[in-house]
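Model, not experiment: these values are computed from the prediction.
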Amino acid sequence: MTASSPRQTSLPPDDERRRLALAHDAIGRYPLRGEPELRFVRQGENTTLEVRAEGRRFALRMHRPGYQTAASVASELAWTESLQSVGIRTPAAVPGRDGRPVQRLAAPEGERLTVLFEWVEGTPLRAEDDAALWRRLGTEMALIHEHGRRWRPPDWFTRRAWDAAGMVGPEPHWGDPLALHEWPPAERAVLESARAAVRERLAAFGRGPDRYGLIHADLGFENILARPDGGTVLLDFDDGGPGWFLYDLAVSLFPLERQDPDQARRAREAMLAGYREVAPLPEAHLAELPTFSMARRLVTLGWVFTRPETDHAARQRPWRIRSAVPAAREFLAWAERHPPAIAAEPA
């Protein structure tokens, strides 16, 4: 999350003091006058603080050590700035005193990268929201994909890819859930089979330009703000990079698995309708969505083990562990009934 009106979470006092000290160091790198007021907002993938200065509000994002590089964060900002040219609103980054929006700070836990964003007012999207918002989400998701097809990024552009290796390879980006938890042998075998089936189906699906390109990769509820004027703002492209377009859909729809089925169906239909207003989404492609939903489940299962300090991971871990194997069995049964229908294409 980069800028929004999110719920406030808390840190242990010592951790909060340490992060506030680091945040004050970071704020000194930006051209803000006076003595800024800082308030801790959220500890998620990154640390977010609200900054009040000069009668304005900002959001300071302090990156998790080791996840991104200065070049990859600069690439994210170049991408989101370009997205604004097609009408997708994203928070604007504030250049530092040296003219660079990405600042590098030394910290005991390793180098911390920081970005200061303009604050954006809005309310995070929720599953029970009006279908018009879900339709708008689908439209903006398609705009991201369409923009990526046409955009020529700078030569130095670099972002991690959500390809098969990044999601279900031996060293996935968010950690290997099979290595990070002591699964009973029978359950581990089911998860290994599901992961292998995902890899096989991704290879069959291929990475043609009609299905693979730049994606947000985390377009979940808290990263979509509904503005008072009815518009939306897209946040936190921290995970964005090359990937399958269907993975973006799977990411947004995955949390609805725990919602009322009729509500989830209405949200899905509205989002698909909005997407198809902008870009084609063939039924033959959409038929492979369960593969990407299973990929998302495995990716986030790794995440809850490698981000133990976050409130979200702590809340989600028991359910993720409990539901993983039944979901894998269901996916394997579906995969057996539905052989891949799309021939492999050159990667």
Side-chain angles (χ1 to χ4, degrees), residues 1 4-7 9 42 44 88 121-145 215-236 239 244-279 281-283 285-301 303-304 311-331 333-334 337-338:
M1 182 176 293
S4 66
S5 300
R7 67 178 184 277
T9 56
R42 186 172 185 263
I88 297 175
E121 293 291 350
T123 304
L125 187 66
R126 289 287 181 254
E128 64 270 16
D129 281 346
D130 190 279
L133 289 176
W134 281 95
R135 192 180 188 103
R136 180 62 179 168
L137 167 60
T139 298
E140 298 206 6
M141 186 183 294
L143 286 170
I144 292 173
H145 299 167
I215 63 173
H216 184 284
D218 193 24
L219 207 53
F221 298 146
E222 291 190 341
N223 289 333
I224 309 153
L225 298 187
R227 297 173 55 201
D229 62 6
T232 52
V233 181
L234 303 189
L235 307 177
D236 202 357
D239 292 314
W244 282 278
F245 300 145
L246 279 178
Y247 185 62
D248 257 350
L249 272 76
V251 168
S252 293
L253 293 170
F254 180 72
L256 298 184
E257 292 188 8
R258 301 182 71 184
Q259 304 294 331
D260 174 80
D262 287 339
Q263 193 175 63
R265 176 184 52 78
R266 289 192 297 270
R268 181 179 185 273
E269 289 176 354
M271 188 169 69
L272 292 177
Y275 190 101
R276 285 169 166 157
E277 289 177 354
V278 174
L281 182 58
E283 287 297 326
H285 290 194
L286 191 58
E288 201 61 38
L289 187 59
T291 296
F292 292 92
S293 296
M294 190 67 224
R296 180 61 175 177
R297 182 178 290 275
L298 292 168
V299 166
T300 54
L301 185 59
W303 189 89
V304 300
D311 292 343
H312 185 64
R315 290 194 304 271
Q316 289 283 313
R317 192 179 302 112
W319 172 75
R320 300 277 184 179
I321 294 172
R322 186 172 61 251
S323 63
V325 174
R329 289 196 179 102
E330 184 177 346
F331 167 71
W334 171 86
R337 297 193 306 270
H338 302 86

Taking C-beta and beyond as the side chain, do Leu219 and Glu140 meet within less than 4.5 Å on heavy atoms? no
Flag the pair Arg320 / Arg297 as yes when at least one side-chain heavy-atom distance between them is below 4.5 Å, and no otherwise. no
Between the side chain of His216 and the main-chain N/O of Asp236, is any donor-acceptor distance below 3.5 Å? yes
Please confirm whether Phe245 and His285 have ring centers closer than 6.0 angstrom. no
So which atom in Ser252 and which in Pro255 form the shortest heavy-atom distance, rounded to 0.1 Å? O-CD, 3.4 Å
State, to 0.1 Å, how close Ala250 and Ser293 come at their nearest heavy-atom pair, and which atoms those are. CB-N, 3.8 Å
Give, for atom CG of Leu286 and atom CZ of Phe292, the distance between the pair rounded to the nearest 0.5 Å. 11.0 Å
Side chain to side chain, Leu249 and Met271, heavy atoms closer than 4.5 Å: yes
With rounding to the nearest 0.5 angstrom, report the OG to CG distance, Ser323 to Leu301. 8.0 Å
Residue pair Ile224 / Leu133, side-chain heavy-atom distance below 4.5 Å: no
Apply side chain to side chain contact (heavy atoms under 4.5 Å, CB included) to Leu281 and Leu246, showing your working. CA-CA 9 Å; Leu281 182 58; Leu246 279 178; 4.2 Å; yes
Tell me, please, which residues at least two apart from Leu143 pass side-chain contact (heavy atoms from CB on, under 4.5 Å). Ile88, Thr139, Val278
Tell me whether Glu330 at atom CD has more than 12 heavy atoms from other residues, nucleotides or ligands lying less than 6.0 Å away. no
Polar side-chain atom of Arg135 near backbone of Ala270 as donor-acceptor pair, under 3.5 Å: no
Please check this pair: side chain of Arg136 against backbone of Gly274, looking for a donor-acceptor N/O pair closer than 3.5 Å. no
By ring pair (Phe, Tyr, Trp, His ring centres under 6.0 Å) - contacts of Phe331 (at least two apart): Trp334
What's the separation between atom CZ in Arg296 and atom OG1 in Thr291, rounded to the nearest 0.5 Å? 16.0 Å
Go through it in stages, so that I can follow the logic: the residues are Arg268 and Leu289, the test is side chain to side chain contact (heavy atoms under 4.5 Å, CB included), and I'd like the CA-CA distance, side-chain angles, deciding distance and then a yes or no. CA-CA 12 Å; Arg268 181 179 185 273; Leu289 187 59; 3.9 Å; yes
Are Glu269 and Arg276 close enough for a salt bridge, meaning some N to O gap below 4.0 Å? no
Less than 4.5 Å apart, side chain to side chain, heavy atoms only: is that true for Ile215 and His145? yes
With heavy-atom distances below 4.5 Å as the criterion, would you say the side chains of Leu137 and Tyr275 are in contact? no
Is any side-chain heavy atom of Trp134 less than 4.5 Å from a side-chain heavy atom of Leu256? yes
Just wondering, do Asp248 and Asp218 contact through their side chains at under 4.5 Å, heavy atoms? no
Where do Tyr247 and Ala217 come nearest, in terms of heavy atoms and distance? CE2-O, 4.2 Å
